[in-house]
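Everything on this sheet refers to the single structure shown next.
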Amino acid sequence: MDYKQQVAQAIAMAVDGQLDQAEIMAKIEVPKALHLGDYAFPAFVLSKVLRKAPQVIAQELVEKISTDGFEKVEAVGPYVNFFLAKDIYSQDILNQVLAKGAAYGNQDLGKGRNVPIDMSSPNIAKPMSMGHLRSTVIGNAIANLLAKTNYQPIKINHLGDWGTQFGKLIQAYKMWGSEEEVQKDPINTLLGYYVRFHQEDVENPELDDLAREWFKKLEDGDPEATKLWKWFRDESLQFFMSIYDKLGVTFDSYNGEAFYNDKMDEVVNLLEEKGLLKESKGAQIVDLEKYNLNPALIKKTDGATLYITRDLAAAIYRHRTYDFAQSLYVVGNEQTNHFKQLKAVLKEMGFAWADDIHHIPFGLITSGGKKLSTRAGNIILLEDVLNDAVSLALKQIEEKNPTLADKEIVADQVGVGAVIFHDLKNERLNNFDFDLEEVVRFEGETGPYVQYSHARAMSILRKADAKDLAAGNYELSDSNAWETLRLLGDFSNVVKRAVNEYEPSVIAKYAIHLAKAFNKYYANSKILVDDEQKQARLALVKSVAIVLKESLRLLGVHAPEEM
Ligand code: ARG
């Protein structure tokens, strides 16, 4: 049943035709506090037509509205406040959650259509940054949300595995490299070569020419260059995989920039055919003045293609391969201009589907107020962050629950989950500060707190031997349970909002809210007392466990049964 619809219907009948139901639906609000009811109608919407003060209209409406199906309907100032009938509502919602289980909240927004998501996309031979972590976990959560709403997400890791830097890397390796050194610690070693190259080419500019030659060779398929490139790529990818394993994130495709090497001629030819390419100081550009953007640089003077050229090829390839409903790019907001250019060029090329491309930007992570960057030497290594989080989680488990079985596994789920949850609970565009102690706390608005609430619900169910409680008609009149019930009933809307706004924080905030409401309920009600509502209370507890677990799953976080 749609309760908001029910409210709108009752109002529509009372105003007989002055407003239609759709207009009323648009005006209905959800009051900020529970004592003001579950829905509210602002009577001033009618004051122009009725030429009366809204307070008066509210009073008159209350007299006319049928209270059928409501606990009560009250006028408070200019508002008409509706209180839903708790018995009907609790029966309906608890039955739905128990019957559907993890599928509760599923809905068909996508009609099965494809949505490629460009996410994570780290650069080969460089450490994965906190920005790549954000892209990985935000992208993964959006993919889960899309799947829940019947889209077909396709997670693409657009690896940064091509570009002139590989010429430099090969040249540096030829001068100073050793196979053993690279194998021992691939990323840091390769990064070291790269940094050293940049130090030495200041004095020896001819190094740049050598590097350019290597990149040219690489582009022309020279066997030695290709072999080294492939080796650097494999070593880096293997290392990245260990991080993805820890995070529990998988990909459907690892087609990175190099994959588009043989697909760029087509793009350049198309641009030429459409008369969009212009020469500027020997380079080929597309003018984007009418979009108020800088020109897009498609080909350098020496004929080398660029990041955006590869992205153009990738966009076209994805459209062809997936016939997408939307094509998403989860990439930091420092690349906003790049994606504006990408869309603008595609538009200029006459592709209407350019409108279905969405850049999903996100903010920076700072530490102690300072930007975290790999360049300034302020390196935070992701694997260190995750390992530290797991140790902290283990420490807390040792204190709180020393006899817990599988402590290491749970600590892993809590530590890693804490880092993911912390990242996702912040609105993605906000910058935020990273303080590990804060992130892994078991109290406060953290992942462990939500996991802990879920584990508490599971422990109640174990005690009552009610883990398999079936769907049925459970009537819960306890007003202590109302906030929790309302939140459970709101889950589908929350999922919808999160997916429409590409905003996992909506789910994270909801999970915190539900966990808090449930803990308040738990503190004020004796759940296990034997009376006629015991089964209904257990049904509520089980429903909370289901929805908390599903919320965490959407975010990519495990929900251990005990912790
Ligand atoms: N490798 C890039 C970087 O680390 C991100 C790539 C994002 N995806 C894309 N299709 N441009 O900055």
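Numbering of ligands and ligand atoms starts at 1, following listing order. What you are looking at is a predicted structure, and each value in this text was computed from that prediction instead of being measured. Excluded from the calculations below are hydrogen atoms, water molecules and symmetry mates; all remaining heavy atoms, backbone and side chain alike, are included.
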Taking distance alone, with N or O pairs closer than 3.5 Å, would you say [X] contacts ligand 1?
X	answer
Y329	no
E257	no
D311	yes

Pull out every atom of ligand 1 sitting under 4.0 Å from any heavy atom of [X], numbered as shown with elements.
X	result
H132	3 (C), 4 (O)
V331	7 (C), 8 (N)
H158	8 (N), 9 (C), 10 (N)
Q335	3 (C), 12 (O)

Check whether the ring centres of [X] and [Y] lie less than 6.0 Å apart, and answer yes or no.
X	Y	value
W162	F259	no
Y329	F339	yes
Y244	F251	yes
H422	F432	yes
F351	H319	no
Y260	Y317	yes

Q. Just wondering, are more than 12 heavy atoms of other shown residues or ligands nearer than 6.0 Å to CD in E206?
A. yes

(Q) Tell me whether ligand 1 is touched by R310 - counting only heavy atoms on the residue side and a distance under 4.0 Å. (A)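 No.
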
Q) Between K155 and N140, is any side-chain donor less than 3.5 angstrom from a side-chain acceptor? A) yes

Q) With backbone taken as N, CA, C and O and side chain as the heavy atoms from C-beta onward, which portion of Y260 lies under 4.0 Å from ligand 1: side chain, backbone, both, or neither? A) neither

**Q.** ligand 1 contact on L159 by region, counting heavy-atom pairs under 4.0 Å
**A.**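 Neither part.
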
Q: Write out the residue and atom name of the closest protein heavy atom to atom 8 (N) of ligand 1, then the distance separating them to 0.1 Å.
A: D118 OD1, 3.0 Å

Q) Nearest to atom 6 (C) of ligand 1, what protein heavy atom do you find, and at what distance? A)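 Checked against all protein heavy atoms, atom 6 (C) of ligand 1 sits closest to Y307 OH, 3.3 Å.
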
Q: Return the set of residues passing ring pair (Phe, Tyr, Trp, His ring centres under 6.0 Å) with W231 (not counting sequence neighbours), or none when no residue passes.
A: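 Here the qualifying residues are Y173.
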
**Q.** Identity of the nearest option to atom 1 (N) of ligand 1, non-hydrogen atoms only, from N123, I156, D161, N157
**A.** N123

